[in-house]
Amino acid sequence: MDQDSPEVMTALQTAIRASALCERIRMDLAGGEILLKSDRSPVTIADYGSQAIICKLIRERFPDDTIVAEEDSKEIRKPDRSEILEQVTNYVNAFIRTDSSEEVCSWIDFGSNSVTDRFWALDPIDGTKGFLRGDQYAIALALIEKGRVKLGILACPNLYSDIYHPLGEKGCLFLALKGLGSFQMDSTGANKRPIFVSETKRPSEAIITESVEADHADHLTHQRLAQKLNISKPSLRMDSQAKYGILARGEVTLYLRVPSSVEPGYKENIWDHAAGSIIAEEAGGRVTDVLGRPLDFSSGIKMEKNRGILVSNGILHEVVLKALEM
Ligand code: AMP
Ligand code: MG
């Protein structure tokens with residue numbers, strides 16, 4: 001797959017549109033009404049709108065491909081949710097013409113749970129809690145063939161593009177293609193430039209990134225690991241797979257995700273890591289679980305064979321794995 005292949009073009013176009021939709025909703029409604037799914041995780045009209053747009057375009061261009069996506073239309077089809085469905089439809093209509101809520105639901109439901117030989121993994125809004133707080137979130141899309149990630153895109157509409165100017169212009173796109181490297185672009189897709197992980201060799205000089213949400217990772221264990229490695233710089237807490245993006249562009253050295261003590265048996269979702277992992281790897285980084293095993297994108301929507309996540313600049317990977325054995 002080269003840079004100009006239809007898969008890359010489609011993925012970029014659709015991620016750019018979905019991120020524009022998410023930002024519009026964030027500006028208009030500060031995220032809008034929050035719905036709670038059966039597992040009590042939050043979902044917003046932006047999650048539904050983003051998934052509708054992305055699934056519609058991918059299905060149109062690649063009718064034979066499976067899309068494994070986080071949301072479905074069950075909740076917004078309920079009669080008492082009709083106002084929310086109408087909002088979703090109106091926002092989607094601003095990007096792809098439709099006046100039918102039924103049509104929008106059918107686009108959302110192009111997403112399924114079945115992992116096949118070739119499929120797209122989609123998180124329409126990764127880091128919904130960050131989105132609602134006005135912090136970081138990402139639209140994450142990956143193409144997986146025979147269990148291997150071939151293409152990954154992260155649209156991070158609220159992430160500063162210049163690491164030396166965190167208060168400067170917001171909005172970045174990260175793209176990685178297997179064997180061809182990782183790139184950062186402006187939120188429009190312009191100004192594409194290659195990115196690389198940091199060359200930090202001394203563990204003590206590393207910078208850690210981790211979740212904002214304490215329930216998503218074991219911050220205390222991360223802190224102990226930092227002490228063990230004499231890391232003095234404070235950890236950078238950030239929502240969503242934007243963490244993979246900032247590691248890939250050399251801003252931080254390590255992304256730690258040791259399962260939290262609240263849910264020690266938690267299994268990660270493939271759409272939470274597929275796009276991010278190829279972006280870190282193609283920038284020169286290494287991605288495994290906290291026991292050093294490769295991430296498994298072939299068994300189902302849950303990464304059953306993995307426990308937590310460790311991402312590094314490659315150089316420091318073994319040292320950190322060893323330190324995690326504590
Ligand atoms: P982050 O923004 O990196 O904290 O990750 C957000 C993702 O964490 C969401 O997309 C959820 O799928 C995922 N998540 C939800 N509960 C947990 C948990 N107990 N442990 C780890 N990740 C979780
Ligand atoms: Mg997610």
Side-chain angles (χ1 to χ4, degrees), residues 127 135-136 138 149 152 154 156 159-168 172 174 176 179-184 193-214 216-261 268 272-273 275-295 306-326:
D135 291 334
Q136 293 307 322
V149 187
L154 285 178
C156 303
L159 182 65
Y160 42 93
S161 55
D162 181 346
I163 64 174
Y164 300 107
H165 295 98
L167 299 176
C172 323
F174 297 98
L180 294 178
S182 284
F183 306 87
Q184 183 179 320
R193 60 257 188 213
I195 50 171
F196 304 97
V197 295
S198 89
E199 292 177 1
T200 304
K201 290 181 188 64
R202 289 202 191 99
S204 60
E205 287 170 9
I207 303 176
I208 295 171
T209 186
E210 62 189 358
S211 287
V212 174
E213 295 293 329
H216 292 179
D218 185 349
H219 289 157
L220 194 62
T221 299
H222 297 176
Q223 206 184 320
R224 285 207 196 102
L225 180 114
Q227 278 161 2
K228 202 169 169 180
L229 298 176
N230 292 319
I231 294 174
S232 55
K233 291 184 188 134
S235 298
L236 182 53
R237 288 195 177 156
M238 190 176 274
D239 298 285
S240 85
Q241 286 169 74
K243 290 188 277 300
Y244 282 99
I246 60 169
L247 187 140
R249 70 186 182 185
E251 195 174 342
V252 299
T253 339
L254 301 170
Y255 166 14
L256 298 180
R257 196 180 185 88
V258 174
S260 84
S261 51
E268 301 285 342
D272 283 331
H273 300 286
S277 64
I278 187 173
I279 287 162
E281 282 174 351
E282 285 294 326
R286 208 175 139 198
V287 184
T288 65
D289 71 2
V290 293
L291 298 172
R293 297 175 294 204
L295 302 192
N306 295 120
R307 180 181 146 72
I309 303 284
L310 169 64
V311 191
S312 75
N313 66 345
I315 305 169
L316 294 178
H317 210 84
E318 289 300 330
V319 177
V320 178
L321 278 178
K322 191 92 199 119
L324 279 170
E325 287 171 10
M326 55 197 179

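Note that the structure is a prediction, hence the values are computed from the model and not measured.
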For this session: Over all heavy atoms of both residues, which pair between Asn306 and Pro294 is shortest? Give the atoms and the distance, please.
Result: ND2-O, 3.0 Å

Problem set entry | Candidate list Leu256, Leu225, Val258, Val290, test side-chain contact (heavy atoms from CB on, under 4.5 Å), partner Asp218, passing option | Val258

For this session: Give a yes or no on whether the backbone of Ala176 and the side-chain of Ser182 come within a donor-acceptor separation of less than 3.5 Å.
Result: no

Exercise. Between Ser312 and His317, which heavy-atom pair has the shortest distance, and what is it?
Worked result: OG-ND1, 2.7 Å

Exercise. Quick one: does Glu282's side chain get under 4.5 Å of Phe183's, heavy atoms only?
Worked result: no

For this session: Could you tell me whether Glu213 atom CD has more than 12 heavy atoms of other residues or ligands within 6.0 Å of it?
Result: yes

For this session: Could you walk me through whether Ser198 and Glu205 pass side-chain contact (heavy atoms from CB on, under 4.5 Å), step by step?
Result: CA-CA 11 Å; Ser198 89; Glu205 287 170 9; over 6 Å; no

Exercise. At what distance, to the nearest 0.5 angstrom, does NZ of Lys243 lie from SG of Cys156?
Worked result: 10.5 Å

Exercise. Would you call Ile309 and Leu295 a side-chain contact if the rule is heavy atoms closer than 4.5 Å?
Worked result: yes

Exercise. Picking from His216, Arg257, Arg237, what satisfies side-chain hydrogen bond (donor to acceptor under 3.5 Å, both in side chains) with Glu210?
Worked result: Arg237

Exercise. What pair of heavy atoms forms the shortest contact from Ile208 to His222, and how long is it?
Worked result: CD1-O, 4.3 Å

Exercise. Is Asn313 reaching over with its side chain to a backbone N or O of Leu316, donor-acceptor style, under 3.5 angstrom?
Worked result: yes

For this session: Considering non-hydrogen atoms only, spot the tightest contact between Lys233 and Ile207 and give its length.
Result: CD-CG1, 3.6 Å

Exercise. Do the side chains of His219 and Ser235 get nearer than 4.5 Å, heavy atoms only?
Worked result: no

Exercise. How far apart are the closest heavy atoms of Asp239 and Gln136, and which atoms are they?
Worked result: CB-O, 3.2 Å

Exercise. Got more than 12 heavy atoms from elsewhere within 6.0 Å of CZ, Arg202?
Worked result: no

Exercise. What distance separates Leu310 CG from Leu324 CG, expressed to the nearest 0.5 Å?
Worked result: 6.0 Å

For this session: Kindly compute the distance separating OG (Ser277) from CZ (Arg286), expressed to the nearest 0.5 Å.
Result: 13.5 Å

For this session: Grab the two heavy atoms, one from Ala138 and one from Gln241, that are nearest each other, plus how far apart they are.
Result: CB-N, 4.5 Å

Problem set entry | Note: Lys228-Glu325 ion pair, threshold 4.0 Å (strictly below) | no

Problem set entry | Close side-chain approach of Val319 and Pro203, heavy atoms under 4.5 Å | yes

Problem set entry | Separation of Asp162 CG from Leu167 CG (nearest 0.5 Å) | 11.0 Å

For this session: Report yes if some heavy atom in the side chain of Leu254 is under 4.5 Å from a heavy atom in the side chain of Ile231; otherwise report no.
Result: yes

For this session: Could you point out which residue of Leu159, Val252, Asp135 forms a side-chain contact (heavy atoms from CB on, under 4.5 Å) with Met238?
Result: Leu159

Exercise. What distance do Ile246 atom CD1 and Ile279 atom CD1 have between them, rounded to the nearest 0.5 Å?
Worked result: 13.0 Å

